[in-house]
Peer 1: 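Before I ask anything, let me first share the structure, which is written out below as structure tokens.
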Amino acid sequence: MILYKNKLLPEHEVPVSYQDRGYNFGDGVYEVFRIYQGVLYGKQAHFRRLERSAAEIRLQLPYPIEEIDHKLEELVRLEQVSDGTLYMQITRGVAPRAHVFPLSAEPVLMAFCTKVERPLKLIHEGITAITLPDIRWLRCDIKSLNLLPNVMAKQQAAEQGAGEAIMHRDGIVTECSASNIMIVKNGVIYTHPINHLILPGITRAVVLKLASESSTPIREEAFSLEDLFAADEVFVTGTTMEVTPVVKVNQRIIGNGAVGPVTQRLQAAFERTIGR
Ligand code: PDD
């Protein structure tokens, strides 16, 4: 079933319009939630971020968050997804194509669930990554539907046999195509501060909280490509990737090439938060 506006519909009955501004302009915002054992993980944090993204693009949510919450729970229950994801987007609605905001369009919410297993092999063995210039706009803090640079980056990574693309602005690492990035050097975790250049990841926040609970020093400071290559450990965080180690970047081995102790500790702590 698909949640369309506030109705649960079979897929073939979803009346997506050719004039939906999400479709024409990428004019909308989205969230990806993780479902663990039938429960939406970090739900309130995702709702807060959704509200913020919508406010930043001056999009009024079509329903109160409590009603959206209720509908998403119904969707998850109906779909009987144990481990998976829930994708939700809200567009500015349907109107004749014109850049200026329509006067009376009703924002369109759409959501669906997908069964997805945890990427355990990648979590245990790590991934390789490539680096690319971050060519995105200057409001990467908004979870907007405009993902073309992210799509291009991930595609380039995939074509080179890599699992993620690490992006940088003039040699300063920001984040990845679909995840945040952290490095460990001499026991200290470094990650880009929350500002307009990165998405404030929900998993990033969980991991930083877990790190501080275990007294691991954290510096929310920008780091360079040189710092990245010289790091003892590198890992990415995200709703679908959880805490995934990066063991090689541009064919260069990170640390000793194995998943490092700080990463392993955080992975174990993260697993406890999802009841594993
Ligand atoms: N992506 N940075 C970017 C650019 C992202 O697209 C994502 C998530 C993250 C991690 O955020 P979080 O921990 O809240 O998932 C960071 C989602 C999963 C996606 O677009 O599929």
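In this chain, residues are counted from 1 in sequence order. One-based numbering, in listed order, for ligands and for the atoms of each. Hydrogens, waters and symmetry mates play no part in the numbers below; they use all other heavy atoms, side chains included.
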Peer 1: Please identify which of these residues, Ile130, Ile254, Thr128, meets the side chain to side chain contact (heavy atoms under 4.5 Å, CB included) condition with Lys248.
Peer 2: Thr128
Peer 1: Answer yes or no for Arg49: is there a heavy-atom contact with ligand 1 below 4.0 Å?
Peer 2: yes
Peer 1: How close does the nearest protein non-hydrogen atom get to atom 10 (C) of ligand 1, and which residue and atom is it?
Peer 2: Asn180 OD1, 3.7 Å
Peer 1: When you measure from atom 15 (O) of ligand 1 to every protein heavy atom, which one gives the shortest distance, and what is it?
Peer 2: Thr239 OG1, 2.5 Å
Peer 1: With under 30° as parallel and over 60° as perpendicular, where do the rings of Phe33 and His46 fit, or are they tilted in between?
Peer 2: tilted
Peer 1: Would Ser177 count as a contact of ligand 1 if the rule is a heavy atom under 4.0 Å away?
Peer 2: yes
Peer 1: For residues Glu159 and Gln155, is any side-chain donor paired with an opposing acceptor at under 3.5 Å?
Peer 2: yes
Peer 1: Which one of Gly201, Gly238, Ser179, Pro200 has a non-hydrogen atom at the shortest distance from atom 9 (C) of ligand 1?
Peer 2: Ser179
Peer 1: With a 3.5 Å cut-off and no angle check, do the side chains of Tyr41 and Thr239 form a donor-acceptor pair?
Peer 2: no
Peer 1: Would you kindly say whether Asp20 and Ser17 are connected by a side-chain donor-acceptor distance under 3.5 Å?
Peer 2: no
Peer 1: May I ask you to check whether Tyr18 and Tyr23 place their ring centers less than 6.0 Å from one another?
Peer 2: no
Peer 1: Quick one: nearest non-hydrogen protein atom to atom 2 (N) of ligand 1, plus distance?
Peer 2: Glu175 OE1, 2.6 Å
Peer 1: Lys143: heavy atom below 4.0 Å from ligand 1, yes or no?
Peer 2: yes
Peer 1: In the protein, what heavy atom is nearest to atom 21 (O) of ligand 1, and what distance, to one decimal place, separates them?
Peer 2: Val32 CG2, 3.7 Å
Peer 1: Side chain to side chain contact (heavy atoms under 4.5 Å, CB included) for Met241 and Glu164? Distances and angles first, verdict last.
Peer 2: CA-CA 10 Å; Met241 302 180 86; Glu164 189 47 298; 3.8 Å; yes
Peer 1: Counting each atom of ligand 1 from 1 as listed, which ones have a heavy atom of Asn150 under 4.0 Å away?
Peer 2: 4 (C)
Peer 1: Give a yes or no on whether the backbone of Ile181 and the side-chain of Thr191 come within a donor-acceptor separation of less than 3.5 Å.
Peer 2: yes
Peer 1: Within ligand 1, which atoms have a heavy atom of Thr203 less than 4.0 Å away?
Peer 2: 12 (P), 13 (O)
Peer 1: Would you mind listing which atoms of ligand 1 come within a distance below 4.0 Å of any non-hydrogen atom of Tyr30?
Peer 2: 6 (O), 19 (C), 20 (O)
Peer 1: At the 4.0 Å heavy-atom cut-off, does Tyr87 count as touching ligand 1?
Peer 2: no
Peer 1: I need the atoms of ligand 1 closer than 4.0 Å to a non-hydrogen atom of Cys176, numbered in the order shown.
Peer 2: 4 (C)
Peer 1: Among Ala153, Ala205, Ala178, which one has a heavy atom closest to atom 8 (C) of ligand 1?
Peer 2: Ala178
Peer 1: Could you tell me whether Asp69 and Lys43 make a salt bridge, using a distance below 4.0 angstrom between a side-chain N and a carboxylate O?
Peer 2: yes
